[in-house]
Amino acid sequence: MPQAVFDKSEYERRIERTKERMREAELDALVVSDPANMNYLAGYDGWSFYVHQAVIVTHDRDEPVWIGREMDANGARATTWLSEENIRSYSDDHVQSPYDLHPMDFFAAILEELDADDARIGVEMDAYYFTAKSYTRLQKNLPDAEFDDATLLVNWVRIIKSEPELEFMRQAARISENAMQAGLDAVGEGVPEYEVAAEIYDGLIRGTDEFGGDYPSIVPLMPSGDHTGTPHLTWTDRPFERGDPVIIELSGCRNRYHSPLARTTFVGDPPEEMQRRAEIVVEGLEAALDHVEPGVTAESVERAWRDVIEKYDIVKEDRIGYSMGLGYPPDWGEHTASLRPGDETVLEENMTFHSIPGLWFDDFGVELSETFRVTANGVEVLAEFPRELFST
């Protein structure tokens with residue numbers, strides 16, 4: 001029996017909202033290859049995104065059609081809400097084939113069966129797992145079809161979360177708290193970085209007494225020492241040394257929903273300058289969070305942060321947050337709204353963001369972040385964790 005995470009009615013609402021956007025874009029069919037969007041519409045959940053897969057949405061069908069590798073069809077039966085007729089699979093000789101076969105040959109045949117061979121078809125041109133060859137192969141097989149870029153169509157549907165989605169994000173926040181505490185507790189002089197990563201992973205997967213954790217879309221990020229000015233480094237086998245700043249960014253994950261959290265610690269007594277910069281980050285982050293409510297723009301939230309740091313003659317060009325939630329590797333972000341100048345997205349209730357207004361300098365960096373939900377009249381911060389510079 002299908003083991004879809006949400007009620008069928010939840011998926012039906014998502015499909016209808018997607019079809020509304022398709023009508024606005026004048027699309028007859030939509031090929032959804034982003035694994036997060038596939039999960040959102042069909043419930044499919046499996047580590048199979050290294051091969052070609054997708055769900056297809058058309059206006060005349062109540063259910064999407066899942067297409068994937070033959071050995072993954074049982075995974076679709078196990079995790080989706082789809083009927084058997086809407087689970088289609090291609091044979092293994094299409095996988096990395098030396099026989100001039102490609103999965104998009106099979107996809108094209110399904111689109112033809114769905115009367116979309118001469119239709120206007122949306123494809124996710126900038127999705128991580130939709131390749132250039134996929135696009136050209138579809139064009140070759142369906143010469144009468146018109147293809148249009150629909151990269152973020154489903155992503156913008158996802159930006160407003162339902163209450164069941166929010167509950168999974170809150171559960172992910174509980175896991176983030178436990179994993180962050182485990183990581184901070186493990187950092188110490190002489191401790192190899194990988195030992196701290198192991199403790200974090202243990203917390204991410206063990207979860208809480210009530211529920212376990214899933215694998216996150218991004219591994220724990222742990223730049224340390226001279227490299228804390230470089231935010232996206234992972235761990236090494238180097239032992240921590242006294243005087244090292246250490247940044248930890250991680251996220252708990254529940255049923256593919258995330259709640260990222262970042263904090264900074266110091267091996268020994270942090271220097272006064274680093275403590276001061278950490279206090280500025282906290283002040284700016286809290287100003288941004290205080291500004292959040294329905295009706296304000298994404299750029300105005302960033303402006304609240306910048307108003308704070310400009311008092312201290314600090315300039316930060318990077319965005320300070322982004323819409324996020326459901327995700328697969330390599331990213332938990334939704335690639336839609338960002339908290340940065342020029343983004344005029346109007347915040348609405350039940351949007352969720354990861355705000356990470358870190359400051360990075362040549363010799364050290366400081367990160368403190370929060371995942372938050374836009375409420376009817378303000379903000380809900382999902383994690384409950386001290387906002388401070390930690391030390392060992």
Side-chain angles (χ1 to χ4, degrees), residues 10-44 49 52-67 80 82 86 88 104 107-162 165 297-298 322-328 331 333-338 342-348 350-352:
E10 171 95 1
Y11 292 108
E12 290 172 336
R13 285 194 297 272
R14 297 173 181 182
I15 292 293
E16 186 50 44
R17 288 163 58 199
T18 299
K19 289 180 178 180
E20 289 174 6
R21 287 194 171 265
M22 289 172 61
R23 285 189 284 270
E24 293 170 2
E26 299 181 346
L27 296 175
D28 302 305
L30 179 65
V31 179
V32 177
S33 52
D34 181 322
N37 291 340
M38 291 178 62
N39 178 290
Y40 186 76
L41 297 177
Y44 181 69
F49 39 85
H52 295 287
Q53 57 182 19
V55 296
I56 297 176
V57 180
T58 57
H59 292 290
D60 60 347
R61 300 176 74 91
D62 294 333
E63 296 180 7
V65 177
W66 177 91
I67 303 176
T80 75
L82 305 180
N86 290 317
R88 309 292 186 90
M104 290 301 143
F107 280 53
I110 298 298
L111 285 163
E112 186 172 4
E113 180 185 327
L114 298 175
D115 296 325
D117 52 313
D118 59 353
R120 191 158 185 255
I121 304 171
V123 293
E124 296 177 317
M125 296 281 285
D126 204 28
Y128 293 119
Y129 303 107
F130 185 75
T131 64
K133 188 169 185 177
S134 295
Y135 181 56
T136 59
R137 200 75 173 208
L138 283 175
Q139 286 182 311
K140 178 182 177 181
N141 282 292
L142 300 171
D144 296 327
E146 178 185 353
F147 292 94
D148 193 53
D149 186 4
T151 299
L152 297 178
L153 188 148
V154 179
N155 301 58
W156 280 104
V157 174
R158 287 166 44 197
I159 198 169
I160 304 293
K161 308 301 186 296
S162 66
E165 290 180 288
T297 61
Y322 47 85
S323 177
M324 46 66 61
L326 170 63
Y328 282 82
D331 193 13
E334 291 176 335
H335 303 179
T336 50
S338 290
D343 193 321
E344 298 179 352
T345 302
V346 176
L347 270 55
E348 299 180 47
N350 291 341
M351 287 182 175
T352 53

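What you are looking at is a predicted structure, and each value in this text was computed from that prediction instead of being measured. Here, residue 1 is the first one in the sequence, and each next residue gets the next number.
Closest heavy-atom contact between T336 and I159: OG1-CD1, 3.7 Å. For the residue pair T58 and D60, the shortest heavy atom distance occurs at OG1-OD1, 3.0 Å. Of all heavy-atom pairs between R21 and V157, the closest is CD-CG2, 3.3 Å.
When the salt bridge (Lys or Arg N to Asp or Glu O under 4.0 Å) test is applied to E10, the partners found at least two apart in sequence or on another chain are R13, R14. Residues passing the salt bridge (Lys or Arg N to Asp or Glu O under 4.0 Å) test with K161, sequence neighbours excluded: E334.
In this structure, CD on E113 lies 5.0 Å from CD1 on I110, to the nearest 0.5 angstrom. With rounding to the nearest 0.5 angstrom, the CG atom of L347 is 8.0 Å from the OG1 atom of T345. Taken from CG in D28 to CG in L111, the straight-line distance is 11.0 Å, to the nearest 0.5 Å. Put simply, CG on N155 and CG on D34 are 6.0 Å apart, with the number rounded to the nearest 0.5 Å.
The closest side-chain heavy-atom distance from Q139 to T136 is below 4.5 Å. Counting heavy atoms from C-beta on, the side chains of M351 and I160 come closer than 4.5 Å.
Judged purely by atom type and a 3.5 angstrom limit, H59 uses its side chain to pair as donor or acceptor with the backbone of L27. Side-chain atoms of S33 never come within 3.5 Å of backbone atoms of A54 as a donor-acceptor pair (strictly under, hydrogens ignored). Of the possible polar contacts, one joining the T151 side chain to the M125 backbone as a donor-acceptor pair under 3.5 Å is found.
Ring planes of F49 and Y129: tilted class, angle from 30 to 60°. Relative ring orientation between W66 and Y44 is described as tilted, the plane-to-plane angle lying within the 30° to 60° band.
Here salt bridge (charged side-chain N to carboxylate O under 4.0 Å, His left out) pairs that include residues 123-152, with residues two or more places apart or in two chains, are D100-R137, D105-R137, R120-E146, R120-D148.
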